[in-house]
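The structure appears below as structure tokens.
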2 protein chains.
Amino acid sequence: METRGGYAQFCPVAMAAEVLCTRWTPLLVRELIAGSTRFNDLRRGVPRMSPALLSKRLRELEQAGIVERFDGSGSGVQEYRLTSAGLDLRGIVEGLGNWGQRWVETQLSLKNLDPSLLMWDMRRNLDTTPLPSRRCTIQFLYPELPAARQNWWLLIEPSHGDEPMRETDLCSSDPGFEVDLYVESDLRTMTAIWMGFTTVANELRTDQLRITGQPRLRESMQRWLGLSPFAKGKGPPRSS
Amino acid sequence: METRGGYAQFCPVAMAAEVLCTRWTPLLVRELIAGSTRFNDLRRGVPRMSPALLSKRLRELEQAGIVERFDGSGSGVQEYRLTSAGLDLRGIVEGLGNWGQRWVETQLSLKNLDPSLLMWDMRRNLDTTPLPSRRCTIQFLYPELPAARQNWWLLIEPSHGDEPMRETDLCSSDPGFEVDLYVESDLRTMTAIWMGFTTVANELRTDQLRITGQPRLRESMQRWLGLSPFAKGKGPPRSS
DNA sequence: CAGTATCCGATGCGATACTG
DNA sequence: CAGTATCGCATCGGATACTG
């Protein structure tokens with residue numbers, strides 16, 4: 001007798017749940033929807049998932065017709081892209097996120113802090129329009145964390161001509177550029193801002209957040225720092 | 001080290017997936033949304049789920065603030081009702097169902113036939129308005145099935161005054177009333193009709209479906225038999 | 001970098017039986 | 001009817017190491 005097989009129900013909810021509702025899968029799909037295409041980029045979005053399992057899930061999604069794999073630009077680099085069926089999952093993942101944001105205790109969310117995840121998410125949703133067009137380097141500090149996770153650098157490359165999309169990089173070791181802005185807070189505060197539970201202004205006021213550096217960058221932080229795609233009444237997870 | 005705990009991510013998708021994406025849970029929620037409130041009614045919607053697990057899931061959902069349990073009408077009968085947070089899951093479950101209907105191979109759906117589930121679902125979605133206001137008894141026959149699952153009776157109680165909602169019952173043993181309509185087909189055909197993959201008229205034409213009894217009931221079958229809630233958006237948008 | 005191979009423990013969950 | 005108790009196994013998946 002098969003244990004733990006499918007649901008053996010013709011109901012479409014069952015068919016969908018069978019592929020989608022296994023461990024890590026919704027988060028992986030979220031990461032794909034958000035625009036990551038390469039193995040190690042995906043890993044950054046689901047840091048505690050083992051590579052073996054990630055690989056397995058990707059194969060499952062491929063087989064389910066949700067993901068397509070192909071060689072990215074020749075050099076043997078694999079890329080994973082959502083198929084139409086996969087893209088069509090966006091509404092469901094958004095639904096999950098919105099539901100979570102609405103109904104799960106804020107306190108509970110803020111029990112699961114993770115700087116790498118936060119920074120990776122922030123990097124993806126940066127709004128570079130308020131930024132000067134030269135290269136910007138913004139350093140984040142979380143003094144309460146162990147040394148290896150205290151410092152993060154967000155690099156926004158110079159804008160080329162009228163290309164609107166600027167390259168951004170996230171580093172956890174000093175890239176060596178002069179820093180334009182320092183942002184310091186505890187991880188919980190920064191995460192709460194990101195989630196839309198509070199604001200930059202608010203936390204500056206109570207000194208939970210300290211910013212030093214170029215006034216222009218400082219003033220516009222609430223704008224260039226995006227918000228989580230699920231922060232109150234916000235739109236879909238932005239892709240790239 | 002904890003194995004298989006939560007995701008430890010602050011992302012709301014993770015928070016939601018943690019409660020919702022465990023085995024059987026989406027189907028259980030579907031059943032609750034569909035209106036079942038009592039333990040054994042819920043069981044009929046998820047027949048292959050063990051009572052122990054059902055009980056466990058209900059407790060989990062209760063703890064997650066999705067379900068509320070209380071005494072139904074005094075007699076110690078427990079009822080399970082969705083809270084506001086639970087009702088708010090409707091969009092997600094519908095999303096899953098619509099996605100499944102659109103993207104999972106029809107053939108695959110029709111591999112998982114289950115007469116009790118089909119009949120239970122049909123009973124719930126009957127449209128009684130085309131039916132005469134006296135009691136109606138409709139018998140379904142699936143000749144290819146083992147004896148115990150061949151025969152099903154749908155009882156639609158007489159309508160009282162202008163009460164629009166009529167009591168309906170599903171029996172798998174002869175209730176003894178005179179039968180107004182016999183419907184005979186293989187289970188696959190009936191399921192396909194229910195899912196919106198084909199129509200009553202179509203299957204009558206090819207003799208996959210045989211109906212005998214009162215002409216009025218026979219003619220209106222496509223109407224009084226509802227359709228699966230997911231039948232609307234059917235058909236994968238072919239990769240045209 | 002992009003994964004695969006192997007190992008193995010915990011546990012999810014299926015089956016069955018039992019209680020008020 | 002409405003569940004709870006118990007058992008046991010398979011499998012899920014975490015950790016680690018290894019390969020092209």
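A, B, ... follow the sequence lines: proteins, then strands. Residue 1 opens every chain.
In terms of the salt bridge (Lys or Arg N to Asp or Glu O under 4.0 Å) criterion, A:Glu167 has no residue partners (sequence neighbours excluded). Taking the salt bridge (Lys or Arg N to Asp or Glu O under 4.0 Å) definition, one finds that B:Glu144 meets it with nothing, sequence neighbours left out. Judged as a salt bridge (Lys or Arg N to Asp or Glu O under 4.0 Å), and not counting sequence neighbours, A:Arg59 has no contacts. Scanning for side chain to side chain donor-acceptor pair (under 3.5 Å) contacts around A:Ser109 gives an empty result, with sequence neighbours left out. Evaluation of the side chain to side chain donor-acceptor pair (under 3.5 Å) rule for A:Glu62 yields A:Arg69 as partners, not counting sequence neighbours. Listed by chain and residue number, nothing satisfies the salt bridge (Lys or Arg N to Asp or Glu O under 4.0 Å) test with B:Arg123 (two or more places apart in sequence, or in another chain). Applying the side chain to side chain contact (heavy atoms under 4.5 Å, CB included) rule to B:Glu105 yields the partners B:Leu108; only residues at least two apart in sequence or on another chain are considered.
A:Arg166 and A:Thr128 share no side-chain donor-acceptor pair at under 3.5 Å. A donor atom on one side chain and an acceptor atom on the other are found under 3.5 Å apart for A:Gln139 and A:Asn151.
C:dA15 atom C1' lies 14 Å from atom CZ of B:Arg23, rounded to whole Å. Between B:Leu54 atom CG and D:dA5 atom P there is a gap of 15 Å when expressed in whole angstrom units. In this structure, B:Leu27 places its CG atom 13 Å from P of C:dC13, rounding to the nearest Å. Rounding to whole angstrom units, CG of residue A:Leu53 and P of D:dT16 are separated by 16 Å. Taking atom CG of A:Leu42 as the reference point, atom C1' of C:dC1 lies 14 Å away to the nearest angstrom.
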Close N/O contacts between protein and nucleotides 2-4 of chain D (under 3.5 Å):
from  : atom 1 : to      : atom 2 : distance (Å)
D:dA2 : OP1    : B:Arg38 : NE     : 2.7
D:dA2 : OP1    : B:Arg38 : NH2    : 2.5
D:dA2 : OP2    : B:Asn40 : ND2    : 3.2
D:dG3 : OP1    : B:Tyr80 : OH     : 3.0
D:dG3 : OP2    : B:Tyr80 : OH     : 3.2
D:dT4 : OP2    : B:Ser55 : OG     : 2.0

Dump every N/O contact between nucleotides 18-20 of chain D and the protein below 3.5 Å, one line per pair.
none

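A sub-4.0 Å separation between OP1 or OP2 of C:dG14 and a side-chain N or O of B:Trp24 is present. A sub-4.0 Å separation between OP1 or OP2 of C:dC13 and a side-chain N or O of B:Arg57 is present.
Among pairs with a residue in residues 16-61 of chain B, those fulfilling ring-ring contact (aromatic ring centres under 6.0 Å, His included) read A:Tyr7-B:Trp24, at least two apart in sequence or across chains. Applying the side-chain hydrogen bond (donor to acceptor under 3.5 Å, both in side chains) test to residues at least two apart or on different chains, the pairs with a partner in residues 28-43 of chain B are B:Arg30-B:Asp121, B:Glu31-B:Ser36, B:Glu31-B:Trp120, B:Glu31-B:Arg124.
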Next item on the list: Taking Watson-Crick and G-U wobble pairs with both distances under 3.5 Å, convert DNA chain C into its dot-bracket string, 5' to 3', dots for unpaired and | for cross-strand pairs.
Entry: ||||||||||||||||||||

